[in-house]
Student: 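Have a look at this one.
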2 protein chains.
Amino acid sequence: MEKSDSKDQPKQVLAEYLRLHGLRKTPERFAILNAIYSIEGHFTPEVLVEKMSDEFNFRVCRATVYNNLELLVDAKLVHKHRFTEGAQYEKSFKEVSHCHLLCTGCGKVMECDNHNVQRQMETMRVKRFTVSSYSLYVYGLCTKCSTALKRKQKKILNKIDIQKNGRKKD
Amino acid sequence: MEKSDSKDQPKQVLAEYLRLHGLRKTPERFAILNAIYSIEGHFTPEVLVEKMSDEFNFRVCRATVYNNLELLVDAKLVHKHRFTEGAQYEKSFKEVSHCHLLCTGCGKVMECDNHNVQRQMETMRVKRFTVSSYSLYVYGLCTKCSTALKRKQKKILNKIDIQKNGRKKD
DNA sequence: GTCAGTGCAAACTTTTTGCAACTAC
DNA sequence: GTAGTTGCAAAAAGTTTGCACTGAC
């Protein structure tokens, strides 16, 4: 009977978190949570405010969004990333931790499931430290940037060669 | 004889990087590199500027430091981290990639060598992506914050209990 | 009724940009 | 001499803060 599915919902988790921390159940908090869980992938605080206003017709000021994002991170309902200048967030409830591929050429962020790493991380123990989550960022080049870089390097090498030969000929 | 130890020096790596990219060997670049390699652990651009001025008597403006940190990251001589607001850097030449433990309570950053993870990362292959480096951040609580949190939670639970009992008595 | 939480605007921090001056090549 | 680099100052981007007001408890 009444299998406690509902208890597994992010909303319930937030409610319980607020209760256990003696904090208030404001409409803003649940509206923010709701908006976040309607977003697939990463988002910035700015985008979240905009989306809430546009799609949910719910206006919140930035300070509130910043405050509550921090709270939701603490409640383990949201992951915080810092790929570039400015933080990016991502829902995290019942999501498998995936690693992120960051192209240092164009800045593109891709996701990648590496089961070996995941297994390893889930069983990771560290002395004098209570592990709660992890982020793995892998830097490198996407195919497009990799090709572009090779072309660019060839061009530079040609230029260096020309300069040298020019000098030699003098 | 003349074993090419010198070629392995960061300075040589930078010189070669600059040559292959058609960039200039400015004194600022080598001064910045030098200062960075005198620092153990993480530092911010601000701290680097200060250190250069104070300890090396070499004044550079921030813009130059920012430009060249980016360049050094590209040359794989420096790692860039974004633990908090504001980037932190770290020398990376011939350094073993270590994972970072980030305490979400006090913000303390600790280093941690996990050989399993290191081995795994060094052999990692991803489709359509040329891996060049990685960062592993493990979030959690240090012993001090873990203890503090437990104490705090106990206090809140007591408070909630008192409120409930108070109501019931009414 | 009280105090945590919100909105607003201003302040602050970190990073980038535009431009004149400089210098490595 | 040319064009890549630097310094400087101003602007931009992202986040935090102070304060008055509101509303969850």
Side-chain angles (χ1 to χ4, degrees), chain A residues 14-15 17-33 42-50 52-53 58-74 80-89 107 156 159-168 170, chain B residues 14-15 17-33 42-50 52-53 58-74 80-89 107 156 159-168 170:
Chain A
L14 174 56
Y17 174 90
L18 294 174
R19 196 180 70 79
L20 290 178
H21 286 74
L23 302 171
R24 294 184 181 170
K25 297 186 181 61
T26 66
E28 284 80 5
R29 285 182 169 149
F30 289 95
I32 289 170
L33 183 73
H42 315 112
F43 60 88
T44 61
E46 202 63 39
V47 164
L48 181 58
V49 169
E50 226 170 275
M52 289 183 69
S53 172
F58 195 115
R59 295 229 338 100
V60 274
C61 80
R62 274 182 245 146
T64 300
V65 164
Y66 277 100
N67 285 338
N68 286 304
L69 279 170
E70 201 169 323
L71 183 150
L72 291 169
V73 168
D74 191 53
K80 181 174 186 174
H81 296 291
R82 293 178 169 282
F83 304 129
T84 60
E85 182 49 14
Q88 306 246 96
Y89 296 82
I156 294 172
K159 198 176 150 194
I160 295 175
D161 255 11
I162 291 168
Q163 287 176 351
K164 270 191 187 159
N165 293 336
R167 269 185 208 147
K168 275 178 188 165
D170 289 346
Chain B
L14 175 56
Y17 174 90
L18 294 174
R19 195 180 70 79
L20 290 178
H21 287 74
L23 302 171
R24 291 185 181 169
K25 298 185 179 63
T26 66
E28 285 80 5
R29 286 181 169 150
F30 289 96
I32 290 171
L33 183 72
H42 315 112
F43 60 90
T44 62
E46 203 62 39
V47 164
L48 181 58
V49 169
E50 226 170 275
M52 288 183 71
S53 172
F58 196 114
R59 295 227 341 99
V60 274
C61 81
R62 275 182 243 148
T64 301
V65 164
Y66 277 99
N67 285 337
N68 286 305
L69 279 170
E70 199 170 324
L71 182 150
L72 290 169
V73 168
D74 191 53
K80 182 174 187 173
H81 296 291
R82 292 177 169 285
F83 305 129
T84 60
E85 181 51 11
Q88 305 247 97
Y89 296 83
I156 293 173
K159 199 177 149 192
I160 294 176
D161 256 9
I162 291 167
Q163 288 178 350
K164 270 191 189 162
N165 293 335
R167 267 182 211 149
K168 275 177 188 166
D170 287 348

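Chain letters run A, B, ... following the sequence lines, proteins first, then strands; residues in each count from 1. Every value quoted in this text rests on a predicted model; they were computed, and no experiment measured them. All heavy atoms count here, side chains included; hydrogens, waters and symmetry mates do not.
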Student: Under 4.0 Å: is that the gap between some side-chain N or O of B:N68 and OP1 or OP2 of D:dT6?
Tutor: yes

Student: Quick one: does B:T26's side chain get under 4.5 Å of B:T64's, heavy atoms only?
Tutor: no

Student: Report the residue (B:K25 or B:G86) whose heavy-atom-nearest nucleotide on DNA chain C is the more 5′ of the two.
Tutor: B:G86

Student: Verify the contact: side-chain N or O of A:R59 to OP1 or OP2 of C:dC8, cut-off strictly under 4.0 Å; return yes or no.
Tutor: yes

Student: What contact category does B:R62 fall into here, base, sugar-phosphate, or nothing, at under 4.0 angstrom with non-hydrogen atoms?
Tutor: base

Student: So which nucleotide from C:dG7, D:dG7, C:dT15 ends up closest to the side chain of B:V60?
Tutor: D:dG7

Student: Between atom CG in B:N67 and atom P in D:dC8, what is the gap in whole Å?
Tutor: 14 Å

Student: What is the distance from CG of B:L71 to P of C:dT16, rounded to the nearest Å?
Tutor: 14 Å

Student: Counting only side-chain heavy atoms from C-beta out, which of C:dT14, C:dT2, C:dT6 sits nearest to A:R24?
Tutor: C:dT2

Student: Going by side-chain contact (heavy atoms from CB on, under 4.5 Å), A:I32 matches just one of A:L71, A:V49, A:L72. Which one?
Tutor: A:L72

Student: Roughly, in whole Å, what's the span from CZ in A:R82 to C1' in D:dA13?
Tutor: 13 Å

Student: Round to a whole Å and report the spacing from CZ of A:R29 to C1' of D:dC25.
Tutor: 13 Å

Student: Please report the distance, rounded to the nearest Å, between CD1 in B:I32 and C1' in D:dT5.
Tutor: 11 Å

Student: Do any side-chain nitrogens or oxygens of B:Y66 fall under 4.0 Å of OP1 or OP2 in C:dT15?
Tutor: yes

Student: On DNA chain C, nearest-nucleotide positions of B:T26 versus B:A87: which is more 5'?
Tutor: B:A87

Student: Rounded to the nearest 0.5 Å, what separation is found between the CG atom of B:L33 and the CZ atom of B:F30?
Tutor: 7.5 Å

Student: Over how many whole Å does the gap from A:L18 atom CG to D:dG23 atom P extend?
Tutor: 19 Å

Student: Could you tell me how far apart A:E28 (CD) and D:dC21 (P) are, to the nearest whole angstrom?
Tutor: 18 Å

Student: Does a nitrogen or oxygen in the side chain of B:T64 sit under 4.0 Å from OP1 or OP2 of D:dG7?
Tutor: yes

Student: Between A:R82 and B:E85 (salt bridge meaning N to carboxylate O under 4.0 Å), is one present in this structure?
Tutor: yes

Student: Name the closest nucleotide to the B:C61 side chain, picking from D:dC8, D:dG4, C:dG5.
Tutor: D:dC8

Student: Is any side-chain heavy atom of A:L48 less than 4.5 Å from a side-chain heavy atom of A:M52?
Tutor: yes

Student: Could you give the NZ-to-P distance, from A:K159 to D:dG4, as a whole number of Å?
Tutor: 7 Å

